[in-house]
Every structure is written in structure tokens, then in C-alpha cells.
Number of protein chains: 2
Amino acid sequence: MQTTAATTRPNATRTDICSGPPRRHPRPDGQDRYTISEVAAFTGLSAHTLRWYERIGLMSHIDRSHTGQRRYSNRDLDWLDLVGKLRLTGMPVADMVRYAELVREGESTYSDRRELLEATRRDVLARIAELQDTLAVLDRKISFYGDAGRAREGERTR
Amino acid sequence: MQTTAATTRPNATRTDICSGPPRRHPRPDGQDRYTISEVAAFTGLSAHTLRWYERIGLMSHIDRSHTGQRRYSNRDLDWLDLVGKLRLTGMPVADMVRYAELVREGESTYSDRRELLEATRRDVLARIAELQDTLAVLDRKISFYGDAGRAREGERTR
DNA sequence: CGCTTGCCTGGAGTGCACTCCAAGGTCATA
DNA sequence: TATGACCTTGGAGTGCACTCCAGGCAAGCG
């Protein structure tokens with residue numbers, strides 16, 4: 001029913017990203033080189049989308065096997081986790097690309113990145129508030145339809 | 001920054017919809033016939049979009065002036081308020097059209113409508129949870145960028 | 001060796017939700 | 001009464017985020 005995201009993300013292993021201690025990544029496997037289809041399975045994104053993310057610069061160049069096939073690292077998976085989170089805040093892909101560029105530019109962009117994240121945080125809070133507002137409306141309407149199988153005062157706003 | 005909705009909704013007068021008592025609508029004006037541009041101003045939707053909503057069946061035929069111009073009623077505005085709420089849950093327009101059709105079919109569809117609203121409610125709860133999860137990630141990253149203008153442990157996931 | 005499966009590329013196509021256009025009719029104000 | 005802002009229509013165009021396609025390479029298996 002939902003448009004944006006969250007459609008099919010089967011087992012998006014939610015690992016903590018960028019937290020305190022070095023934390024090794026408890027990925028499904030113990031190694032560090034995943035094929036595109038494995039990554040597709042982990043993240044719920046299609047292989048098409050993964051290649052597309054790379055093309056548009058949302059992911060920096062992925063390591064390759066000796067025959068040119070992509071080999072994703074745990075680092076790449078972490079990044080995809082973050083992208084997934086940002087995606088479901090409604091952030092446009094172009095903005096995520098901008099963030100990726102800042103990352104590639106190095107430490108000098110720390111404050112820019114922070115700002116971007118804080119703006120996103122504000123958006124998320126606003127969206128949560130909106131959704132809670134919507135929830136209230138839904139509850140009111142549901143209880144209207146629930147209270148009486150048939151009208152109690154005719155059709156108000158439908 | 002946001003894609004979905006919430007871009008420009010200047011003064012979307014939030015009135016309670018379909019609640020208990022008949023409640024008159026404290027609309028900006030005291031009457032019941034608004035031009036399309038007035039409605040655009042109230043709802044933040046463009047006139048184009050309002051006409052389009054009508055074309056696709058998201059709104060039942062709007063009353064017309066003697067010369068054929070649209071005259072929206074308070075009932076129509078209430079409906080648009082609901083549509084706005086549903087829209088920012090991420091519900092596809094097609095589903096809203098489906099709901100509108102159920103409404104047009106009359107009282108016999110009460111339970112279908114209720115089901116649809118309850119499914120939407122579940123979606124909204126899930127989305128709120130996702131967003132709170134995302135918020136946690138953002139906070140962790142923000143505090144990483146905040147704690148030190150420069151790296152404390154190098155770039156983890158970026 | 002042939003077959004199947006998986007991956008590669010650039011570019012074209014899709015679906016959604018608008019958004020705009022052209023050509024014309026209407027309305028309020030100076 | 002004329003000017004300009006506003007409204008009408010069907011249909012075409014836009015932007016985003018994928019999604020798919022054709023044509024081809026590479027590895028594993030009976």
C-alpha cells in the first residue's frame with residue numbers, strides 16, 4: 001500500500017552505524033566480499049537499483065573481482081543501511097548524493113554534514129508529528145465507522 | 001528538502017473531520033462557495049491539482065456556477081483535509097480514489113472503508129516506528145560529528 | 001563442449017503525481 | 001467597454017526513482 005519505500009525489505013540486517021567502539025559487523029556471513037545479489041537480498045534493493053546508486057554517485061566506486069564483478073564490503077553495507085534510513089525519511093536521492101559527495105571530500109566537510117543531518121532530523125520530527133496528527137484523524141473516523149455499522153448522524157464528511 | 005508532500009501548505013486550516021457533533025466549519029470565510037483559487041490557498045494544493053483530483057475521481061463532481069466555474073463547498077474542503085492527511089501517510093492516490101468510490105457507493109461499504117482505514121492506521125504506526133528508528137541513527141551520527149570537529153576514531157561508516 | 005546461471009554495460013522505458021499548455025470564456029474594476 | 005486577472009477543457013510534458021532490455025562475458029557443471 002505504501003509508495004515510498006518499505007515495500008520489500010526482507011531481512012535488512014539493522015546494524016549500528018558509526019557508533020562508539022569499532023564494533024565488527026555481525027553480517028549474515030563472516031567475510032567482507034558480497035556479490036550484488038547477496039547485497040540485494042540483505043538490503044531489499046534490486047540489483048538494478050544497486051548499480052544505479054553507484055552510477056549516480058550515491059555509492060563510491062565498489063570494489064571489483066578480477067573479472068569485473070562487484071564485490072561489496074561490510075562498509076558498503078553499512079552505507080546502504082544509512083541510505084535506507086535516509087530514504088524512508090523522504091529525503092530525495094539527490095540530497096543523499098550531496099551527502100555522499102561531502103563524505104568523499106573528507107574531514108573538511110564535517111560541519112556541512114552535521115548541518116545536513118540536523119536539518120533531516122528536524123524534518124523527521126515534523127513528519128512524526130504530522131503522522132501522529134493523521135493517526136488521530138484515522139482513529140476518529142475508524143471509531144465512527146465502528147460505533148455503528150450504519151449512520152448515526154448521516155454521512156458527515158463521508 | 002522533502003519529496004512527498006508538506007512542501008507548501010500555507011494555512012491548511014485544520015478542522016476536525018467527521019467527529020461526534022455536527023460542528024459547523026470555522027472556515028476562513030463564513031459561506032459555502034469557494035473558487036478554485038481560494039481552495040488552492042486554503043489547502044496548499046495547486047488549482048491544477050484540484051482539477052486533476054476531480055478528473056481522476058478523487059473528488060466527486062464539484063458544484064458549478066451558472067457559467068460552469070467550480071464552486072467548492074465546506075464539505076469539499078473537509079474531504080480535501082482528509083485527503084491531505086491520507087496523502088502524507090504515503091497512501092497512493094489510487095487507493096484514495098478507491099476509498100472515494102466506496103464513499104460514493106453508500107452505506108453498504110462501511111465495513112470496507114473501516115478496513116481500509118485500519119490498514120492505513122497500521123501503516124502509519126509502522127512508519128512512525130521506522131522514523132523513530134531513523135531518528136536514533138541520526139542522533140548517533142550527529143553526536144559523532146558534534147563531539148569532535150575532527151575524527152576521534154577516523155571515519156567509521158562515514 | 002554445451003548449457004545454465006549470474007553478472008556486466010549504456011540506454012531506454014515505466015509509473016506516479018503532478019504540472020503546464022493552448023485556446024478560449026468570464027468577471028471585476030477603472 | 002476595455003483591460004487584465006481568473007476560470008474552463010483535453011491533452012501533453014516533467015521529475016523522480018527506479019526498472020528493464022539487449023547484447024555480451026565468465027564460471028560451474030554433466
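Below, read A as the first sequence line, B as the second, and so on, with proteins coming before strands; counting in each chain starts at 1.
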Donor-acceptor pair, side chain of [X] and main chain of [Y], under 3.5 angstrom:
X	Y	answer
B:T109	B:D112	no
A:E38	A:T35	yes
A:T43	A:V39	yes

Can you measure [X] atom [atom1] to [N] atom [atom2] for me and round it to whole angstrom units?
X	N	atom1	atom2	answer
A:I36	C:dG6	CD1	P	13 Å
B:L88	C:dA17	CG	C1'	15 Å
A:L50	C:dC8	CG	C1'	14 Å
A:D95	D:dC16	CG	C1'	12 Å
A:M91	D:dC16	CE	P	15 Å
A:L58	D:dC16	CG	P	15 Å
A:D63	C:dC7	CG	P	16 Å
B:Y34	D:dC7	OH	P	16 Å

Using only side-chain N and O atoms of B:T35, determine if any of them is under 4.0 Å from OP1 or OP2 of D:dC7. yes
OP1, OP2 of D:dC25 versus side-chain N and O of A:R64: anything below 4.0 Å? no
Fill in the dot-bracket string of DNA chain C, one character per base: . for unpaired, | for a pair to another strand, ( ) or [ ] for pairs within the strand, taking Watson-Crick or G-U pairs under 3.5 Å. ||||||||||||||||||||||||||||||
The side-chain hydrogen bond (donor to acceptor under 3.5 Å, both in side chains) partners of B:D63 (sequence neighbours excluded) come to B:R33
Hey, are B:Y34 and B:N74 close enough side-chain-wise for a donor-acceptor pair under 3.5 Å? yes
Taking the minimum atom-to-atom distance to the side chain of B:R70, which one of D:dC7, C:dC7, D:dT8 wins? D:dT8
Of all the choices, C:dC8, C:dC18, C:dG6, which nucleotide is nearest to the side chain of B:Y53 once you look at every atom? C:dC18
What is the minimum heavy-atom distance between A:G57 and A:V97, and which atoms define it? O-CG1, 4.1 Å
With A:D32, which residues qualify under salt bridge (charged side-chain N to carboxylate O under 4.0 Å, His left out), at least two apart? none
Residues at least two apart in sequence or cross-chain that pass salt bridge (charged side-chain N to carboxylate O under 4.0 Å, His left out) with B:E101, listed by chain then number, are B:R98
Please list, pair by pair, any protein nitrogen or oxygen found under 3.5 Å from a nitrogen or oxygen in nucleotides 22-29 of chain C.
from	atom 1	to	atom 2	distance (Å)
C:dC27	OP1	B:T67	OG1	2.7

Heavy-atom side-chain contact between A:E118 and B:L138 under 4.5 Å: no
So, do B:R127 and B:L131 sit near enough that their side-chain heavy atoms are less than 4.5 Å apart? yes
Strictly under 3.5 Å: I want the nitrogen or oxygen pairs between protein and nucleotides 19-21 of chain D, one per line.
none

Verdict with reasoning, A:K85 to B:E130, per salt bridge (charged side-chain N to carboxylate O under 4.0 Å, His left out): CA-CA 8 Å; A:K85 294 275 184 244; B:E130 282 175 343; over 6 Å; no
Over 60° means perpendicular and under 30° means parallel, so tell me whether B:W79 and B:Y99 are parallel, tilted or perpendicular. parallel
